[in-house]
Amino acid sequence: MSAEWRCVRRNQDECRRYLDQFKVFDHPLKQSSITVLESKGTRAKALASLSESTSGASSTISLDPLSLALDGSDPLSAFAARQGSDPLSQMAAEFDGGSPVAKSGASASQKKSREVSCLLDMELIEPWGARRGAILNKYTTNEKLSIVTSFLNGGETIKSQTTMSEKVKYRLEQLDEFEEGTVRQMLDLSQQEYVVKIEQLNHELGQAWNTDQRVKALKIAIQCSKLLADTSVIQFYPSKFVLITDILENFGKLVYERLLVKGEYVRPGSKHPGPLPDNFTPDMVPESARETCQNWFYKIASIRELLPRLYVEMAILKSYRFLTANEFSTILMRLTRMIRGIGDPLVAVYARCYLCRVGMAITTDREYIKENLNDILDIYHTILNGGIRAEIAKHRITLNGYVSLFLPGLDWIMQGVTILSTDAQLDDILKRCREKKHPALLMQSIMQSFRSDFIALRAVHFVEVLSTISVEGFSRGQLLRMLGSILTHTAPPSEQRGAVLNAAWRVISSMGNVEEYIQCAEMWAQYTSQHFGLREVNALMGDILYHMTPNRSYERHYHELQVIVDKIVSNTQDIHGVLALDNFLPMLDLFQKDSVKLTVCKSILTSYRATSGDWCISDPVVTNALMYISKVLNDSVNALTSEDERRQISNIISHFIRKVDFGRDFEQQLSFYVEARAAFSNLDAVYSTLIQSVNRLSTSTRRIVKGQHTNKTAAFVKACAAYCFITIPSIIDVTTRMELYLQSGQVALLNVCLQQADSCFEAALNLIPELPKTYEQDGKPTSTEPFLKSFLVNFLSTLVIVPDNPTQGVLYLLRLLLEVIKKYPFDPHSPQTLASLYLHILDYLSVASQEIYPYHIVNVISNDELYGSDPKFLAEVNGLSCEVCDQVLQILKQLLESNAIRAQSQLALELFLKIVTGADLTVERMYTLTYNLWNLAVKNRSALDPKQLQNILSYTEHLAEVTQLKSQKHCLQLLLEKMKSRL
């Protein structure tokens, strides 16, 4: 049946439903708890078992599962309580009451204290494992390598011997065989092949050990050690040292573990032997294990050549624990002096490095490391003597490349010396190193190894040293770059910073090599921007421009220039001041390559977003600089630009736009937005930001004049509305355009720009037929129906106070909405969204028929005042209500035909509510329709929530009580009786 809708007038309070109010004594969000009272009953006992620690008259059990799990304490506190003290404290506690077996030397607790101290010392040094990969990656070669070995093709087997004398005789024969030259040389190996062969040797050593071929394992270690005497491919030597010492460390570990296995002893009070404790002393070691240990060192002592004898003994140095506890320092000093017999300074430095590595792991004594450094300083003059220079020329490597080969080994020794040295001792080392001829290598190692605070306190002195010393082998720029890196992280005292910068920059600026200059400038740019003002930063950029402009040198150093700009922008305290510097934009002009310039500009805006804080931009110079940078990003966007890249660029440009604020000069602000619209034509998201910014500007104008516009402000807000109306069509996305039209129309209405508001609303409605049925979200197609519903609900709430245009007729915009909504492709199998929209339109029409609307805008005459409850206007409203209601009934009929029971019952209830709320039930057809809708819903009550039916019944009863129209009240009461009878 068709509807005969006639809107009913109500007071403001008739349709309101207030929640019941009651007084509470606790905050409703307070954590719930259960209070358990002790009792003799079984229930109290059961509850009491939930908290065994509870005592007294009552206890509280928290319902929070995390609190229950941890007894109310935080997880870290609970973990700490379970763990007790820190591991080092636990170790010390264990050994304070440790084994009473120690009969000589230090007590167990003192020994453990020394071991812990050794561990702490090692933590102060960068682990060798962390350096290992860097060395292998840096020191490579394309030359052919050779390897001397006899263990890569086939193996040997130990013959069966019956007596100990036969075993000893056979092993000596094996060693003699090795000395007599049974080894083979493999030539013309690439670096990769060489590494593979070394790994095979390591595997062969482990396999020999596991098959009890101890002599073979020793022979492999000896042969590997001999490889370290070969410097034929000298640039690969540091990497070779790393690979070979890995094998030696494996060999030393196998020997030590073997001695531990043989070192079982009977603990006091025990009848059965057990393994040695971690803190064992030599007197605990059984005689058989001591004999085996001595045998190993005797075998090594019989090696004829110095280098393998040294390396293999250093590899098993830790095994001296089975023989002595207090002679490590003597042994290390003996080995230190033995290394003096190595003639090649490079081979000697790495032998000393290995000695210091193994020594640091077994003793806290550092005298032997100082002795090694002293020996290096004593023979330092031989590193660059005539014979070495001839060798370098033969290998066809540069002097710089040769000297850099010493760095890994020398750095480790230098760092070991500095661990526990005082500042006075470090000053003495620095003085000795400075006095050497060609001390660049030593100064480089000092800066890499000494404490950064020590260097920072003497930064002026270091600059003086680096500016005056001979730098043969290392460039002065390389040393100054390293010093700048240190001072960037650890600043010198404030009173020295200016002197340091001036002295360093005099040297840097005088460098004739552009590449060396720009590398130094790259590092010192961060130091300058961190600790100095705009004047110094501007001078720095000016000097860079002076050096990089001639001969277009900047084209070869884009990376360094990019890093300099990034550091200046990200570290400065006044980014707006930097952008306004005279040399900033000329610095950007050095980036002539589009891809590089794009990266730099993007980095600048990203840094600006991260560091700008709450500051706003009002300086035209800064604004123009950022506009120039942003335009570079906008111009880079094309059809091939990814969505993620578009989003990133749009976000940083939008942040810049939102930061521009000229205060009360609104006309200049609008001029900026006009300029930005022309500059950023490729980015829809930026256009959206501009439109929102202009709308905010318009509302700010209204706030300042307190809603009472003058001729000047009225013209200005109309110009803002025109800006938005003109700009929105340039945006591609339909949903964004619809939202911006609605927002702009609302702002125009707020400023009493009625014609502009009507244009925006009409444009928004006309976009509904263009709205696609689906859009892609997270890679999946998603329907636009939810968006359309949300948009139209917002639109209808605004439409309540929009006055009709006298030239367009009554409720023109609503009629347009009803027309265009039919053009949207709703899902024919699920018409609930369309039905819901029609129901919201009925709500709007119900409000439109009221004598006074629930809200207004100042100075805007809405339809309630415009028509003054004119009968013709009410007749139009009623007529539209009938049309909309008929549309809902048509949808309900479709649901009935498709047997969608739940959907039809729900829609019937919703239409029932709209009728009893806004329609006149004295009209017989509406009364009948209302009752039929209730019957339809109740008929399928199993598909509905029973509480919903009860709530609707209560609401209808409430309406019957509050309505002041007697005829309406009577109809509602009759309807209630029939509704209850159906339930």
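From a predicted model like this one, the values you see are computed outputs, not experimental measurements.
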What distance separates Gln207 CD from Ile220 CD1, expressed to the nearest 0.5 Å?
9.0 Å
Is there a donor-acceptor pair under 3.5 Å between the side chain of Lys240 and the backbone N or O of Asp230?
yes
Just checking, is any N or O donor in the side chain of Thr336 or Asn372 under 3.5 Å from an acceptor N or O on the other one?
yes
Between Leu248 and Ala315 the two heavy atoms that sit nearest each other are O-CB, 3.4 Å
4.5 Å side-chain heavy-atom contact, Leu189 and Val196
no
Please confirm whether the backbone N or O of Arg304 pairs with a side-chain atom of Arg309, one donor and one acceptor, at under 3.5 Å?
yes
For Glu193, does its backbone N or O pair with a side-chain atom of Ser190 as donor and acceptor, under 3.5 Å?
yes
Glu143 side-chain N/O to Val233 backbone N/O, donor-acceptor pair under 3.5 Å
no
According to the interplanar angle, ranging from 0 to 90°, do the rings of Phe241 and Tyr350 count as parallel (below 30°), tilted (30 to 60°) or perpendicular (above 60°)?
tilted
Donor-acceptor check, side chain of Glu249 to backbone of Asp246, threshold 3.5 angstrom: yes or no?
no
What distance separates Ile413 CD1 from Leu355 CG, expressed to the nearest 0.5 Å?
8.5 Å
CZ of Arg366 to OG1 of Thr418, rounded to nearest 0.5 Å, is 10.5 Å
According to side chain to side chain contact (heavy atoms under 4.5 Å, CB included), who are the partners of Glu257, at least two apart in sequence or on a separate chain?
Lys253
Do the side chains of Phe462 and Ile446 get nearer than 4.5 Å, heavy atoms only?
yes
With heavy-atom distances below 4.5 Å as the criterion, would you say the side chains of Tyr311 and Ile244 are in contact?
no
Enter the distance from Trp128:CH2 to Cys356:SG here, rounded to the nearest 0.5 Å.
11.0 Å
Tell me, do Met314 and Arg357 make a side-chain contact under 4.5 Å, heavy atoms counted?
no
Residues forming a side chain to side chain contact (heavy atoms under 4.5 Å, CB included) with Pro282, sequence neighbours excluded:
Arg290, Ala325
Rounded to the nearest 0.5 Å, the NE2 atom of His461 sits from the NZ atom of Lys431 at a distance of 10.0 Å
Could you walk me through whether Leu310 and Tyr354 pass the side-chain contact (heavy atoms from CB on, under 4.5 Å) test, one step at a time?
CA-CA 10 Å; Leu310 273 171; Tyr354 187 60; over 6 Å; no
What's the shortest heavy-atom distance between Asp365 and Ser329, and which atoms?
OD2-OG, 2.9 Å
Do the side chains of Asp411 and Arg131 get nearer than 4.5 Å, heavy atoms only?
yes
To the nearest 0.5 Å, atom CD1 of Ile316 lies from atom SG of Cys293 at 6.5 Å
Pairwise salt bridge (charged side-chain N to carboxylate O under 4.0 Å, His left out) hits with a residue in residues 327-356, at least two apart:
Glu313-Arg334, Arg340-Glu371, Arg340-Asp375, Arg352-Asp375
Could you walk me through whether Leu426 and Arg451 pass the side-chain contact (heavy atoms from CB on, under 4.5 Å) check?
CA-CA 10 Å; Leu426 295 180; Arg451 302 191 313 271; 3.6 Å; yes
His381 and Lys437, any side-chain heavy atoms less than 4.5 Å apart:
no
Treating Ser239 as the side-chain partner and Tyr139 as the backbone partner, does any N or O pair qualify as donor plus acceptor under 3.5 Å?
yes
Are the aromatic rings of Phe328 and Tyr368 close, with centres under 6.0 Å apart?
no
Within 45° cone of Tyr256 ring axis and under 6.0 Å: Lys318 NZ or CZ:
yes
Carefully, step by step, assess Val215 and Lys219 under the rule side-chain contact (heavy atoms from CB on, under 4.5 Å).
CA-CA 6 Å; Val215 173; Lys219 289 169 67 176; 4.0 Å; yes
Closest non-hydrogen atoms of Leu228 and Tyr237, given as atom of the first, atom of the second and distance, are O-OH, 2.6 Å
Least distance between heavy atoms, Leu307 atom then Ser225 atom
CD2-O, 3.9 Å
Backbone of Leu442 reached by a side-chain donor or acceptor of Ser445 within 3.5 Å
no
Could you pull out the closest heavy-atom pair between Thr490 and Ser452, with the gap in Å?
OG1-OG, 3.0 Å
Decide yes or no on side-chain contact (heavy atoms from CB on, under 4.5 Å) for Gln448 and Met414, but give the supporting numbers first.
CA-CA 9 Å; Gln448 289 187 172; Met414 191 75 75; over 6 Å; no
If you define the side chain from C-beta out and look only at heavy atoms, does anything of Ile342 sit under 4.5 Å from Ile339?
yes
Inspect the surroundings of CG in Asn142 and state if more than 12 heavy atoms from other residues, nucleotides or ligands are less than 6.0 Å away.
no
Search all heavy atoms of Pro345 against all heavy atoms of Ile379 and return the closest pair with its distance.
CB-CD1, 4.3 Å
Are Phe251 and Trp296 an aromatic pair by the rule of ring centers under 6.0 Å?
yes
Looking at Gly401, is its backbone amide N or carbonyl O close enough to the side chain of Thr398 to form a donor-acceptor pair, meaning the two atoms are under 3.5 Å apart?
yes
For Thr211 and Ala208, indicate whether the former's side chain and the latter's backbone hold a donor-acceptor pair under 3.5 Å.
yes
Can you tell if the side chain of Pro238 reaches within under 4.5 Å of the side chain of Val242, non-hydrogen atoms only?
no
